[in-house]
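Atoms considered below: every heavy atom in the structure, side chains included; atoms not considered: hydrogens, waters and symmetry mates.
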Amino acid sequence: MNFHRSSQILKAALIASVAAVAMPAAAQEASEIIVTAQRENRSAVTLGGNVGVLGEKSAENVPFSVKSYNAALILNQQPQTLGQVLENDPSVRTTYGFGNAAEQFVIRGFPLYGDDVGLDGLYGITPRQLVAPELYESVQVLNGASAFLNGAAPGGSGIGGSVNLVPKRATGRLSRATLNYTSGEHFGGSLDLARRFPAGAGTMAIRINGVARGGDVAIDGEYRSTYAVGAAFDYDGGPLRMSLDLAYNRVHVRGLRPKVTIASSSIPAVPEADANYAQPWTYTTMRDIFGLARLEYDLADNAMLYVMGGARDGMEDGIYGGITVSDAVTGAASGNGLYVPRTDNNEAVQAGIRINLAAGGIAHEFNIGGSATWQVNRNAYDFLYGPGFAGFATNLYDAQPVTIPSSALVGGDLDNPFPINRTKLLSVFASDTVSLLGDRVLLTVGGRIQQIRTSSYSYGNGALDSAYKNSALTPVIGLVIKPVAGLSLFANRIESLAQGPVAPLSGFYPGLGTLPVSNAGEIFQPYRSVQYEVGGKLALGPVSASLAAFQIEKPLGQVAPDPTNSAALVYDLFGTQRNRGLELSVSGELTPGLRIIAGGSVIEAELRDTPGGLQDGNGAQGVPDYLLNANVEWDLPFLPALTLTGRVVQTGKQWLDTANTLRLPSWTRVDVGMRYVAVVAQRPLTLRFNVDNVANERYWASAYDAFGQTLLQGAPRTYKASLSVDF
């Protein structure tokens, strides 16, 4: 046999043999990459998280309702704001502030202002209006009062619950780039990098996140852009752990579709889903530079000392627009503008020690520490209402561009705003969690002594208008009983302490319309609310569930005619609002490949002790009588690389007014989507496509407003697509 021919045959046989082995191996490797990527892509919510001064806790060991939504959910759903993340929660709904894009969250029927969203346990550090969700590892929701756990919220909200953002950390090597698109013409991308040093599982780490996106959204003529970057540095050297988070967040919104004030005797029909009744000259620009540092040191195996501090420098500038409908049939309305420049300088610190002791079958976890928050708000205003505060003629269904109205009233220095509010919150806290019968019974008892100092300054000349300094003790008692494995029953009595509300610049009153508030800027005394809650949590393998019943009561702030000035309103606390409710949450993997995040809540929000008893027994404005959510993900068994998703959000009826003459109907929104994992150059590439409000339903989403009768229209059908690749 020819030697050359024989060698060729042998070479071909070897190549064929290697290919026969390599092809299954390559296919197997690709399959493993897909399975791993799909597992890491799973949207999830866990029952547990940061419970304030008690630290990171699993749900079964705390007498409170807390949930954490993970980074995969944020990546999969492609939210542009924090409110779009919280759409997954059956106890939360989102609305806006007056005329601007400031998101406010209604939890258990009470507001949580953007000012009072926590960052890794500290208040005042998070951007106060719009947050880029891409910077955070999880969004945690604590339902209920939390004055002991988190301290008093400096913005005066958080009675019904709190939200805490957890920055991303480098747990391993990660290099991920994402491109995304949102209809109409909104494009962007993000970059997520993580490294540990020395390579692998070293003691030092860095994680950098950046996002840039901009363009028109699905609402006609509404433009949004977001630019944000965050860097997280951490060191884990055994007993010593340190971290530093720094971030920059800039958001611009132009032509924001505003809330609609109702001055008619009926509720107008909802405009087309993508309609915009904003004026083209309205805008808001927000820039925040913020950061926080944390240090933990293990003094012993059973004792840890911690210190953390943060700061935020914020700037806002915008011309906000308003529309007041006087004829619900024709949509005839008046419009106005409001120019507000604002800056914020906030600092916060917290320090404490946790000690664990055990003897005689009884264990104790002691928490002792203190906190301080300083905030300075500088702002001014220019009411662009024209002569006599008449505004300009417009129409809800056919808003035509007009020139900016002339100035009607100016307060403060528009070019260089001076301080209007200064707030200082000081507190010391202590608690003991007693564990009995092998952790089957846990009793938490504690208290926080808090002092709130506020100063309010005149818009006219910056002189001190009013100041107060009040202290209060806010106790807590909570009990957890675990009768069998996987089941924990809990009860708590806890209070909220809030800085008194600040009288708004303007408000709406039936029959008088929108008028300036004569005591604008006045800060009211702090107030306390008491919460009683009982419930249970159940873990059955990969499925978790929680059920809670609660009652909370708080003072009610409203505007009313000013008896000394017929052309103005006055703001004050009138009566109380008592909310009673029942909440259910279920999450986890029902069967292999089928996951659910679902739940619902029922709320009875009742007004009590109102002036003259005229509104006693009425339902509170803007609180839906029920909320339902269901989010489903299904990994197709016959095509493992493909996952189908769906979400249903339903909101019950809401009163528009405290007199209970106008009521919004319930509404339902359906979202659908899919994601597909491919392997390119042995790296996972994930394609995502979502459609929010697939039926393009038009609906009034929220009637919540502390200062008037206003409606927020729900978003139209919105297409979202993204491509993520790990490299």
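Side chain of Asn660 to main chain of Asp657: a donor-acceptor pair is present (N/O by atom type, distance under 3.5 Å, no hydrogens or angles). The backbone N or O of Val694 sits less than 3.5 Å from a side-chain atom of Arg717, completing a donor-acceptor pair. Between the side chain of Asn629 and the backbone N or O of Ala598, no donor-acceptor pair lies under 3.5 Å. With hydrogens and angles ignored, the 3.5 Å screen pairs no side-chain donor or acceptor of Asn164 with any backbone N or O of Val141. Looking at Gln713, its side chain never comes within 3.5 Å of a backbone N or O of Ala275 through a donor-acceptor pair. A donor-acceptor pair under 3.5 Å links the side-chain atoms of Asp625 to the main chain of Lys653, judged by distance alone. A donor-acceptor contact shorter than 3.5 Å is absent between the side chain of Tyr385 and the backbone of Leu338. Checked by atom type and distance alone, the side chain of Asp288 never pairs as donor or acceptor with a backbone atom of Gln129 at under 3.5 Å. For Tyr123 (side chain) and Thr126 (main-chain N/O), no donor-acceptor pair under 3.5 Å exists by modelled atom type. No donor-acceptor distance shorter than 3.5 angstrom exists from the side chain of Glu134 to the backbone of Val211, with no hydrogens or angles considered.
Nearest heavy-atom pair, Pro90 versus Ser601, reported as atom, atom and distance to 0.1 Å: O-OG, 2.8 Å. For the residue pair Gly619 and Trp655, the shortest heavy atom distance occurs at CA-CD1, 3.8 Å. Nearest heavy atoms, Asp274 versus Ala218: CB-O, 3.5 Å. Closest heavy-atom contact between Tyr626 and Ser666: OH-CB, 3.8 Å. Minimum interatomic distance between Val92 and Leu627 (heavy atoms only, all atoms of both residues): N-CD1, 4.0 Å. Between Ala72 and Arg42, the closest heavy-atom pair is CB-O, 3.3 Å.
Side-chain N/O atoms of Asn88 and Asn631 include a donor and acceptor closer than 3.5 Å. Looking only at atom types and distance, the side chain of Gln77 has no donor-acceptor partner in the side chain of Gln84 under 3.5 Å away. Defined by atom type and a distance below 3.5 Å, a donor-acceptor pair is present between the side-chain atoms of Gln615 and Thr658. Asp635 and Thr643 share a side-chain donor-acceptor pair at under 3.5 Å. The closest side-chain donor-acceptor pair between Thr285 and His252 falls under 3.5 angstrom. Side chains of Gln140 and Asn50: a donor-acceptor N/O pair is absent below 3.5 angstrom, by distance only. At a cut-off of 3.5 Å, with distance as the only test, no side-chain donor of Thr284 or Asn100 sits close to an acceptor on the other residue. When only modelled atom types and interatomic distance are considered, Asp327 and Ser264 share no side-chain donor-acceptor pair under 3.5 Å. For the residue pair Asn690 and Tyr719, no side-chain donor N or O sits within less than 3.5 Å of a side-chain acceptor on the partner.
Taking OG of Ser91 as the start and CD of Glu583 as the end, the distance is 5.0 Å to the nearest 0.5 Å. A distance of 5.0 Å separates CZ in Phe64 from CG in Asn492, rounded to the nearest 0.5 Å. The distance from atom OG of Ser496 to atom CD1 of Ile552, rounded to the nearest 0.5 Å, is 7.5 Å. Atom OG1 of residue Thr261 and atom CD1 of residue Ile323 lie 9.0 Å apart, to the nearest 0.5 angstrom. Taking CD1 from Ile107 and CG from Leu112, the interatomic distance works out to 5.0 Å, rounded to the nearest 0.5 Å. The line from OG1 of Thr651 to CH2 of Trp667 is 3.5 Å long, rounded to the nearest 0.5 Å.
Salt bridge absent: Arg93 and Glu87 never bring a charged side-chain N and a carboxylate O closer than 4.0 Å. Glu103 has no carboxylate O lying under 4.0 Å from a charged side-chain N of Arg128, or vice versa, which leaves the two without a salt bridge. At a threshold of 4.0 Å, the pair Lys259-Asp705 counts as salt-bridged, since one of the basic side-chain nitrogens sits closer than that to a carboxylate oxygen. Taking the charged nitrogens against the carboxylate oxygens, Arg578 and Glu606 do have a contact shorter than 4.0 Å, which makes a salt bridge. Between Arg669 and Glu697, no side-chain nitrogen of the basic residue sits less than 4.0 Å from a carboxylate oxygen of the acidic one, so the salt-bridge criterion is not met.
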Output, in order, the C-alpha distance, side-chain angles, deciding distance and verdict of side chain to side chain donor-acceptor pair (under 3.5 Å) for Gln400 and Asp398.
CA-CA 6 Å; Gln400 298 297 316; Asp398 185 23; 2.6 Å; yes
Determine, stepwise, if the pair Glu633 / Arg595 fulfils salt bridge (Lys or Arg N to Asp or Glu O under 4.0 Å).
CA-CA 5 Å; Glu633 291 190 349; Arg595 296 173 297 280; 3.0 Å; yes
What's the verdict on side chain to side chain donor-acceptor pair (under 3.5 Å) for Arg213 and Asn180, showing C-alpha distance, side-chain angles and the deciding distance?
CA-CA 8 Å; Arg213 42 183 160 81; Asn180 52 53; 5.5 Å; no
Give the intermediate values and the outcome of side-chain contact (heavy atoms from CB on, under 4.5 Å) for residues Val543 and Glu589.
CA-CA 6 Å; Val543 178; Glu589 194 163 21; 5.7 Å; no
Should Gln650 and Thr668 be marked as a side chain to side chain donor-acceptor pair (under 3.5 Å) after you check the CA-CA gap, both sets of side-chain angles, and the distance that decides it?
CA-CA 4 Å; Gln650 188 173 60; Thr668 303; 2.8 Å; yes
Evaluate Ile267 against Leu656 for side-chain contact (heavy atoms from CB on, under 4.5 Å), listing each step before the verdict.
CA-CA 9 Å; Ile267 297 174; Leu656 174 61; 4.0 Å; yes
Output, in order, the C-alpha distance, side-chain angles, deciding distance and verdict of side-chain contact (heavy atoms from CB on, under 4.5 Å) for Leu82 and Phe105.
CA-CA 10 Å; Leu82 180 58; Phe105 312 108; 3.9 Å; yes
Checking side chain to side chain donor-acceptor pair (under 3.5 Å) for the pair Asn41/Arg688: CA distance, chi angles, key distance, verdict?
CA-CA 11 Å; Asn41 278 335; Arg688 300 175 179 86; 3.2 Å; yes
Evaluate side-chain contact (heavy atoms from CB on, under 4.5 Å) for Thr282 paired with Val253, printing each intermediate quantity in order.
CA-CA 9 Å; Thr282 59; Val253 182; over 6 Å; no
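Seen from the ring of Phe550, Arg108 counts as a face-on cation partner, given the 6.0 Å and 45° thresholds. At least one cation-pi condition fails for Arg254 and Tyr283: the charged atom is not both under 6.0 angstrom from the six-membered ring centre and inside a 45 degree cone around its axis. Taking the ring axis of Phe490 as reference, the NZ or CZ atom of Lys537 stays within 45° of it and closer than 6.0 Å to the ring centre.
Side-chain contact between Asn579 and Glu604 is absent, with no heavy-atom pair separated by less than 4.5 Å.
Note on ring orientation: taking the six-membered ring where Trp is involved, the planes of Trp281 and Phe392 are perpendicular (angle over 60°, cut-offs 30° and 60°).
Screening Asn143, Val66, Leu142, Val117 for a side-chain contact (heavy atoms from CB on, under 4.5 Å) with Ser162, the sole residue that qualifies is Leu142. Just one of Asp692, Val691, Asp671, Asn76 meets the side-chain contact (heavy atoms from CB on, under 4.5 Å) condition when paired with Lys720; it is Asp692.
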